[in-house]
Amino acid sequence: VMLLVLSVCCITMVAFTVRSISTLMQPPVLTNPQIQSSSTTKPTEDVNMALVQELIQKADAMAATYDYTGAISLLQSFNGYENQAALTEKISEYSALDDELVPYADLDNITHLFFHSLIVDPARAFDGDNEQDGYNLYMVTIKEFEAILQSMYDKGYVLVSPYDIAYEVVDENGAHFEYGNIRLPEGKTPFLMSQDDVNYYGYMIGTGSGVDETPVFADTNGDGFAHRIIIGDDGYPTGEYMDKDGNVTTGDYDLVPLLEKFIQEHPDFSYHGARAVLGMTGYEGVFGYRTKPSYEAAMGSDAYAAEVQAAKEVAHCLKDHGWILASHSYGHPSYGNLTPERVEADSTKWEDTVEYIIGDTDILLFPHGSDIGSFRNYTTENEKFNVLYADGYRYFFNVDSKISWCQIGDTYFRASRRNVDGYRMFHHPEKLSDLFDVSKVFDPARPIPVPSVGSGM
């Protein structure tokens, strides 16, 4: 199961709790008769200055992600901004910084790296059981991931969204795809990131597998991974983890909270608030919640409904903070090896079991990286493409060891992804040298040699 599941597969700016702009623009309601007398000018000015400072704080957050035009528009939405020196000075500052941005010219060669669930406790993951080799092959530890992020930040990489690279345009010629216009400071390099199997499968977090009709929840026999995503007290998505003694804590236990924290500390690592793409299968549920419909009989209707509701709330939270939710198929089959009919059946099952929880998506992360065609453009003669296009997919990502490969068609965008894992770091560190120095990232807690089984990589 491990190798089948993991074989290769394997905008929101920093949020500020401020009132809406429309609210900010409203004059204060003054109810004190003395304040409403002829001496109202100073209190009103004080209030306006407070609102101006709140607006600047929000604009600064946008500007930190290179969205200077958005920050300028926000400040100019203030009625009478021309008469506010603090606003006009900020607008001039943002304009000067915007003038320094240059269009990134190589949009068809943007690298895309992907990860699986991060190992929280290497001692539990690498304990010599039957799953150890799979974890060693296809996972990275939290320590490694944090070092990778820092290296890429130091090298000038900036996280972008697939929608920044290419998007669908509808004009007099109909619907077609065009490349976007990513503008960054000289020397900065855009990249994409995704995470596969954001499901927290039973064999990873508890006892047994949940592939049948009985859900598996976290217990002390877990292998040292977070067991679900929850909404933290601050309103951001975070991880929940059970240690070997059964203690449950929340914190930065997987890619989502770790990347979120890094971006909050380094907002210039994210272009216009971009986050990673998260791919989910459906055969055990999503985000660690046991939402597979056939589980309801074993769980009971109330418990099952609570799982579904919690998963919906997490999905909403993730999207509110800029994360993009995508399909990774229902059952994790190799689409390249399936008939069009079986591709359609799996895609339909994903829609029936996952889409109603996370919402519509137009992004497909191919399970096992198995594409539905050769390197040549998709055409309507490709029946699998027709099926997936009819299901709403416009962005297709396979897996390849190349640094980058992108393809834009009339009606879609397609690109490769690079697996960042134990196999790649140990056996082909040179293929990651543009991102980081493996010798400085490799976790000494990882058993060596890493197995050489790398089917599909």
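Remember, predicted model here, so these are calculated numbers, not experimental data.
- Listed for the D197 side chain is no donor-acceptor partner under 3.5 Å among the backbone atoms of N199.
- Between the side chain of T348 and the main chain of E344, a donor-acceptor pair closer than 3.5 Å is present.
- Atoms OG1 and CD, on T69 and Q76 in that order, are 10.5 Å from each other to the nearest 0.5 Å.
- Heavy-atom contacts from other residues, nucleotides or ligands closer than 6.0 Å to CG of N173 number more than 12.
- Checked against the 6.0 Å centroid threshold, H321 and Y236 count as a close aromatic pair.
- Minimum interatomic distance between G336 and S370 (heavy atoms only, all atoms of both residues): N-OG, 2.9 Å.
- Atom CD of E383 has 12 or fewer neighbouring heavy atoms from other residues, nucleotides or ligands inside a 6.0 Å radius.
- Taking the ring centroids of Y163 and Y167, they lie at or beyond the 6.0 Å cut-off.
- Ring to ring, Y378 and F396 are close: their centroids are under 6.0 angstrom apart.
- Within the 4.5 Å cutoff, side-chain heavy atoms of S329 are placed close to those of Y335.
- In terms of the salt bridge (Lys or Arg N to Asp or Glu O under 4.0 Å) criterion, D443 has no residue partners (sequence neighbours excluded).
- Side-chain contact check for S404 versus H112: every heavy-atom pair is 4.5 Å or farther apart.
- Here the two rings, on Y412 and Y393, have centers that are 6.0 Å apart or farther.
- Considering only heavy atoms from C-beta on, K292 comes within 4.5 Å of E213 through its side chain.
- Between F191 and F269, the gap from one ring centroid to the other is short of 6.0 Å.
- Checking side-chain atoms of W350 against main-chain N and O of M280 turns up a donor-acceptor pair under 3.5 Å.
- Checking D223 against Y135 by side-chain atom types alone, a donor-acceptor pair falls below 3.5 Å.
- Enclosure of atom CZ in R124 by more than 12 non-hydrogen atoms of other residues, nucleotides or ligands within 6.0 angstrom is indicated.
- Every pair tested for ring pair (Phe, Tyr, Trp, His ring centres under 6.0 Å) that includes a residue from residues 286-317 fails, sequence neighbours excluded, so the list is empty.
- Scanning for side-chain hydrogen bond (donor to acceptor under 3.5 Å, both in side chains) contacts around D243 gives N247, with sequence neighbours left out.
- Of all heavy-atom pairs spanning Y179 and C406, the tightest one is OH-CB, 4.3 Å.
- Within a 6.0 Å radius of NZ in K155, other residues, nucleotides and ligands contribute more than 12 heavy atoms.
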* Asked: What do the steps show when you test F225 against Y201 for ring-ring contact (aromatic ring centres under 6.0 Å, His included), and what is the final call?
  -> CA-CA 10 Å; F225 294 88; Y201 298 122; over 10 Å; no

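- Between R417 and D196 a salt bridge is recorded (basic side-chain N to carboxylate O distance below 4.0 Å).
- Residue D233 places its CG atom among 12 or fewer non-hydrogen atoms of other residues, nucleotides or ligands, all under 6.0 Å distant.
- At a threshold of 4.5 Å between non-hydrogen side-chain atoms, the residues M425 and F436 count as touching.
- Using modelled atom types, one finds no donor on one side chain facing an acceptor on the other under 3.5 Å when comparing D67 with T65.
- Under the rule for a side chain to side chain contact (heavy atoms under 4.5 Å, CB included), the partners of P429 that lie at least two apart in sequence or sit in another chain are V438.
- Between Y94 and D60, some side-chain heavy-atom pair lies under the 4.5 Å cut-off.
- The side-chain heavy atoms of I357 and K312, taken from C-beta on, include a pair separated by under 4.5 Å.
- Between N398 and G369, the shortest heavy-atom contact is CB-O, 3.4 Å.
- Within the 4.5 Å cutoff, the side chain of V248 has heavy atoms near those of the H227 side chain.
- For D154, the side-chain hydrogen bond (donor to acceptor under 3.5 Å, both in side chains) partners at least two apart in sequence or on another chain are Q150.
- Within a 6.0 Å sphere centred on CD of E381, other residues, nucleotides and ligands contribute 12 heavy atoms or fewer.
- Atom OG1 of T249 and atom CD of E240 lie 8.0 Å apart (nearest 0.5 Å).
- Although no hydrogens or angles enter the test, the distance criterion places no donor-acceptor pair under 3.5 Å between the side chain of N136 and the main chain of P451.
- Counting only distance, with no hydrogens or angles, the side chain of H176 and the backbone of G174 share a donor-acceptor pair below 3.5 Å.
- Put simply, the side chain of D219 gets close to the backbone of N221: a donor and an acceptor are under 3.5 Å apart.
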* To do: Take D371 and R414, measure what salt bridge (Lys or Arg N to Asp or Glu O under 4.0 Å) needs, and give me the verdict at the end.
  => CA-CA 10 Å; D371 208 322; R414 181 186 181 202; 3.0 Å; yes

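- Considering all non-hydrogen atoms of both residues, L325 and T361 come closest at O-OG1, 2.7 Å.
- Without hydrogens or angle criteria, E284 side chain to G202 main chain gives a donor-acceptor distance under 3.5 Å.
- Residues G331 and Y283 come closest through the heavy atom pair CA-CD2, 3.8 Å.
- Counting only distance, with no hydrogens or angles, the side chain of N382 and the backbone of I372 share a donor-acceptor pair below 3.5 Å.
- Using cut-offs of 30° and 60° on the angle between ring planes, the pair H427 and Y423 is tilted.
- Other residues, nucleotides and ligands place more than 12 heavy atoms under 6.0 Å from the NZ atom of K188.
- In this structure D434 satisfies the salt bridge (Lys or Arg N to Asp or Glu O under 4.0 Å) test together with R418, sequence neighbours excluded.
- At a threshold of 4.5 Å between non-hydrogen side-chain atoms, the residues S151 and K440 do not count as touching.
- Within a 6.0 Å sphere centred on CG of N109, heavy atoms belonging to other residues, nucleotides or ligands number more than 12.
- A distance-only check finds a donor-acceptor pair linking the side chain of T111 to the backbone of I403 [under 3.5 Å].
- Side-chain atoms of K384 do not come within 3.5 Å of backbone N or O of G373 as any donor-acceptor pair.
- Nearest heavy-atom pair across V158 and D268 is CG2-O, 3.8 Å.
- Looking at P237, S161, S270 one by one, the single match for side chain to side chain contact (heavy atoms under 4.5 Å, CB included) with R275 turns out to be S270.
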